[in-house]
Enquirer: 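Dumping the structure here so I can ask a few things about it.
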Amino acid sequence: MQQGGPSSPHCFPLSRLGPAVRGSETSSKPQKNEIADLSRMRSIVVFYAHYLLCLVLGIACVVCVCVWNKQWRGGFAWDGSALEFNWHPVLMVTGLVVLYGNGAVLYRIPLTWGQNKLPWKLCHAALMLLALILSILGLCAVFDFHNTSHIPNLYSLHSWIGIAATALFAIQWVVGVAGFLLPWSPVELRKFLKPIHVWMGNSILCLSIAACISGINEKLIFVLKKNVNGSHPYSDLPPEAMLGNFLGVLIVAFGLVVFRILSNHDWQRPDSRPEDTTYSPLLQEDNE
């Protein structure tokens, strides 16, 4: 093997190289920086395109489920009747899917990078709490309707998946607040909880989407029967069936975009913390 001595061209320091060689070495650094900046800018633009699509699909889901229950199911009330049941799909889709999905991708927004993470933690927790409250209200609506109409509770696969998603969501929120926001939570516990928190969050969203899709399908099968209240059977694909199926497609599309955002490592919040950032002494912050 050839030994690298003074005669080896790779061992010369930059100061001993000729002007032309030194120039080529130094000129390559700005080029690399420009390429890195362009790549970073392209990644941010692609992220915001995905995020805009996420927002549009989320709004479309909420509008679609509201139109369905207002236009074809008679509207809303809170009196134990079928009109109270109509709150169930609206609240579950809005809370357990749309708000939950937007809360999950909050940390991926580049606007939040390089800033104190604590306000965004609080925003994440508040958004998730709102989603949880709406989900619980949605469960109250369906239980109240079932009890008033003497319909059994929790007998279908849809109800099992939905109650499991909501229960896990409640546990996830409580553990998240205790592990990531309370001042006495040790750093070691946060590091241990973070991968579990992320995995559980993705799993809950999967369960939520499955519950909503199965619930839409179950509702359409129940109400769209031949010669019942003048409706056409589901198999004929009347307008209500088309709208319900389209709502299911929107929910799936929304979930896929959310999972796409969460799975891209280039869109993760950088772990480095700015040196000039100040943190609240009440809720200790670490950039997990």
Enquirer: Provide the full list of ring-ring contact (aromatic ring centres under 6.0 Å, His included) pairs with a residue in residues 186-211, sequence neighbours left out, each pair given once.
Expert: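 The answer is Phe180-His197.
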
Enquirer: Can you name the nearest heavy-atom pair linking Pro233 to Pro238, along with the distance?
Expert: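 Smallest heavy-atom distance, with atoms named: O-CD, 3.3 Å.
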
Enquirer: Going by heavy atoms in the side chains, are Ser81 and Thr148 under 4.5 Å from each other?
Expert: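 Answer no - side chains too far apart.
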
Enquirer: In the single-linkage hydrophobic clustering (I, L, V, M, F, W, Y; side-chain heavy atoms under 4.5 Å), do Val46 and Leu55 co-cluster?
Expert: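 Yes, Val46 connects to Leu55 through the hydrophobic network.
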
Enquirer: Under a single-linkage definition using a 4.5 Å side-chain heavy-atom cutoff for Ile, Leu, Val, Met, Phe, Trp and Tyr, are Leu157 and Ile213 assigned to the same hydrophobic cluster?
Expert: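 Leu157 clusters together with Ile213.
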
Enquirer: Compare all side-chain heavy atoms of Thr112 with those of Lys117 and state whether any distance is below 4.5 angstrom.
Expert: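 No, their side chains stay 4.5 Å or more apart.
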
Enquirer: Are more than 12 heavy atoms, taken from residues, nucleotides or ligands other than Trp78, located less than 6.0 Å from that residue's CH2 atom?
Expert: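 Yes, CH2 of Trp78 has more than 12 neighbouring heavy atoms, counting only those of other groups under 6.0 Å.
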
Enquirer: If you look only at pairs with a residue in residues 106-134, which of them pass as a ring-ring contact (aromatic ring centres under 6.0 Å, His included), with sequence neighbours excluded?
Expert: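 Qualifying pairs: Tyr107-His124.
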
Enquirer: Please test Leu181 against Leu118 for side-chain contact (heavy atoms from CB on, under 4.5 Å), starting from the C-alpha separation and ending with a verdict.
Expert: CA-CA 8 Å; Leu181 281 179; Leu118 178 58; 4.1 Å; yes

Enquirer: Calculate, to the nearest 0.5 Å, the distance between atoms CG and OG1 belonging to Leu96 and Thr166 respectively.
Expert: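 Here the rounded value is 5.0 Å.
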
Enquirer: Nearest 0.5 Å, what's the CD1-CE distance between Ile136 and Met92?
Expert: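 It comes to 9.5 Å.
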
Enquirer: Mind jotting down which residue pairs meet the side chain to side chain donor-acceptor pair (under 3.5 Å) criterion with at least one end in residues 233-245? Sequence neighbours excluded, please.
Expert: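 Output for this query lists Trp68-Glu240, Arg73-Glu240, Asn217-Tyr234, Tyr234-Asn245.
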
Enquirer: Would you say Phe76 and Val90 make side-chain contact, with heavy atoms under 4.5 Å?
Expert: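 Contact flag for Phe76/Val90 side chains = yes.
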
Enquirer: Without swapping roles, check the side chain of Asn86 against the backbone of Gly75 for a donor-acceptor pair under 3.5 Å.
Expert: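 Pair found, side chain donor or acceptor close to backbone of Gly75.
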
Enquirer: Is any side-chain heavy atom of Lys219 less than 4.5 Å from a side-chain heavy atom of Pro89?
Expert: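 They are not in contact (no side-chain heavy atoms under 4.5 Å apart), so the answer is no.
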
Enquirer: Does the side chain of Pro110 reach to within under 4.5 Å of the side chain of Tyr48, using non-hydrogen atoms?
Expert: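 Contact flag for Pro110/Tyr48 side chains = yes.
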
Enquirer: Using modelled atom types only, decide if a donor and an acceptor are shared between the side chain of Ser185 and the backbone of Leu182 within a distance under 3.5 Å.
Expert: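 Judged by distance alone, no pair lies under 3.5 Å.
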
Enquirer: Please assess Phe254 against Asn102 for the test side-chain contact (heavy atoms from CB on, under 4.5 Å), listing each intermediate value before the final yes or no.
Expert: CA-CA 10 Å; Phe254 174 82; Asn102 279 279; 3.8 Å; yes

Enquirer: Show every ring-ring contact (aromatic ring centres under 6.0 Å, His included) that has at least one partner inside residues 130-156, sequence neighbours left out.
Expert: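 Qualifying pairs, neighbours excluded: Phe85-Phe145.
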
Enquirer: Considering all heavy atoms of both residues, which atom of Leu99 and which atom of Ala131 are nearest to each other, and what is their separation?
Expert: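 That would be CB-CB, 3.8 Å.
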
Enquirer: Any chance you could lay out the side-chain contact (heavy atoms from CB on, under 4.5 Å) test for Ser208 and Tyr100, step after step, and finish with the verdict?
Expert: CA-CA 9 Å; Ser208 303; Tyr100 186 95; 5.6 Å; no

Enquirer: Ile204 and Val198: same hydrophobic cluster, using ILVMFWY side-chain contacts below 4.5 Å?
Expert: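 In one cluster with Ile204: Val198, no.
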
Enquirer: Which residue pairs pass the salt bridge (charged side-chain N to carboxylate O under 4.0 Å, His left out) test with at least one member in residues 243-254, sequence neighbours excluded?
Expert: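 Every candidate salt bridge (charged side-chain N to carboxylate O under 4.0 Å, His left out) pair involving residues 243-254 fails, so no pair, neighbours aside, qualifies.
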
Enquirer: For residues Val98 and Leu129: do they belong to one hydrophobic cluster (side chain heavy atoms under 4.5 Å, members Ile, Leu, Val, Met, Phe, Trp, Tyr)?
Expert: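 In one cluster with Val98: Leu129, yes.
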
Enquirer: Backbone N or O of His50 within a donor-acceptor pair of the Arg260 side chain at under 3.5 Å?
Expert: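 A pair under 3.5 Å: no.
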
Enquirer: Please name all residues satisfying side chain to side chain contact (heavy atoms under 4.5 Å, CB included) with Cys123, sequence neighbours left out, ordered by chain then number.
Expert: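 Side chain to side chain contact (heavy atoms under 4.5 Å, CB included) check on Cys123 returns Leu106.
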
Enquirer: Mind checking whether Arg269 and Arg108 have side chains closer than 4.5 Å, heavy atoms only?
Expert: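 A side-chain contact under 4.5 Å is absent here.
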
Enquirer: Considering all heavy atoms of both residues, which atom of Leu220 and which atom of Gly244 are nearest to each other, and what is their separation?
Expert: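 The answer is CD1-CA, 3.9 Å.
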
Enquirer: For Leu262, does its backbone N or O pair with a side-chain atom of Trp267 as donor and acceptor, under 3.5 Å?
Expert: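 No; zero donor-acceptor contacts below 3.5 Å.
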
Enquirer: Give a yes or no on whether Leu256 and Val249 share a hydrophobic cluster (residues Ile, Leu, Val, Met, Phe, Trp, Tyr; joining criterion: side-chain heavy atoms under 4.5 Å apart).
Expert: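 No: no chain of side-chain contacts under 4.5 Å links Leu256 to Val249.
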
Enquirer: Pair Leu207, Phe169 - check side-chain contact (heavy atoms from CB on, under 4.5 Å), show working.
Expert: CA-CA 10 Å; Leu207 290 174; Phe169 186 11; over 6 Å; no

